[in-house]
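Note: hydrogens, waters and symmetry copies are ignored here, and every other heavy atom, side chains too, is used.
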Amino acid sequence: MSIPAILEKTAEHNAHYVTVTGGEPLAQKNCLPLLQALCDAGYDVSLETGGALDICKVDPRVSRIVDIKTLAPANQTRTAGKISTA
């Protein structure tokens with residue numbers, strides 16, 4: 001679906017706030033232009049991401065929700081000392 005088609009479909013819902021999520025949105029080549037177009041159209045926009053990809057090019061008007069996964073307690077014990085923070 002094209003960005004203009006997405007904007008048209010979004011407008012049908014009289015929404016004020018739009019969240020872009022699902023899988024890893026930033027892995028989609030048109031995610032950044034879509035976020036910008038939504039902001040330009042006057043929506044309050046947020047992006048939900050797993051943090052695997054760089055968010056520095058995301059439009060500054062977009063709220064970034066970064067879902068950082070941590071190891072389960074059982075896995076923390078098994079991997080203690082094996083994770084590098086460098």
Side-chain angles (χ1 to χ4, degrees):
M1 184 178 282
S2 69
I3 290 175
I6 293 170
L7 292 174
E8 183 178 322
K9 204 64 151 158
T10 304
E12 291 175 6
H13 296 281
N14 295 321
H16 300 284
Y17 185 84
V18 177
T19 299
V20 177
T21 188
E24 178 50 70
L26 291 172
Q28 306 304 314
K29 69 177 184 174
N30 287 325
C31 183
L32 295 175
L34 173 62
L35 293 170
Q36 181 178 357
L38 288 165
C39 290
D40 290 347
Y43 294 103
D44 289 324
V45 181
S46 67
L47 168 70
E48 289 187 2
T49 174
L53 299 172
D54 190 358
I55 61 172
C56 74
K57 293 183 181 175
V58 173
D59 190 300
R61 298 172 290 179
V62 175
S63 297
R64 297 158 184 88
I65 302 165
V66 182
D67 183 18
I68 299 173
K69 303 289 187 209
T70 59
L71 294 174
N75 291 337
Q76 288 176 347
T77 303
R78 280 195 316 229
T79 59
K82 297 179 184 175
I83 299 174
S84 171
T85 58

Within 6.0 Å of NE2 in His16, more than 12 heavy atoms from elsewhere:
no
With rounding to the nearest 0.5 Å, note down the distance linking OG in Ser2 to NZ in Lys9.
12.0 Å
How would you list, by chain and number, every residue that makes a side-chain hydrogen bond (donor to acceptor under 3.5 Å, both in side chains) with Asn14, sequence neighbours excluded?
none
Specify the closest pair of heavy atoms between Arg64 and Asp59, including all atoms of both residues, with the distance to one decimal.
NH2-O, 3.4 Å
Return all side-chain donor-acceptor pairs below 3.5 angstrom for residues 31-41, not counting sequence neighbours, or 'none' if the list is empty.
from, atom 1, to, atom 2, distance (Å)
Asp40, OD1, Arg61, NH1, 3.0
Asp40, OD1, Arg61, NH2, 2.7

Roughly how far, to the nearest 0.5 Å, is OG1 of Thr10 from CD of Glu12?
8.5 Å
Under 3.5 Å donor-acceptor pairs involving side-chain atoms of residues 45-58, not counting sequence neighbours:
from, atom 1, to, atom 2, distance (Å)
Ser46, OG, Tyr17, OH, 2.8
Ser46, OG, Thr19, OG1, 2.9
Glu48, OE1, Thr21, OG1, 3.1
Thr49, OG1, Glu24, OE1, 2.9
Thr49, OG1, Glu24, OE2, 2.8
Thr49, OG1, Gly51, N, 3.1
Asp54, OD1, Cys56, N, 2.9

Is Val66 reachable from Val20 through a run of hydrophobic residues whose side-chain heavy atoms are each under 4.5 Å from the next?
yes
Shortest non-hydrogen contact from Tyr43 to Leu7?
OH-O, 4.2 Å
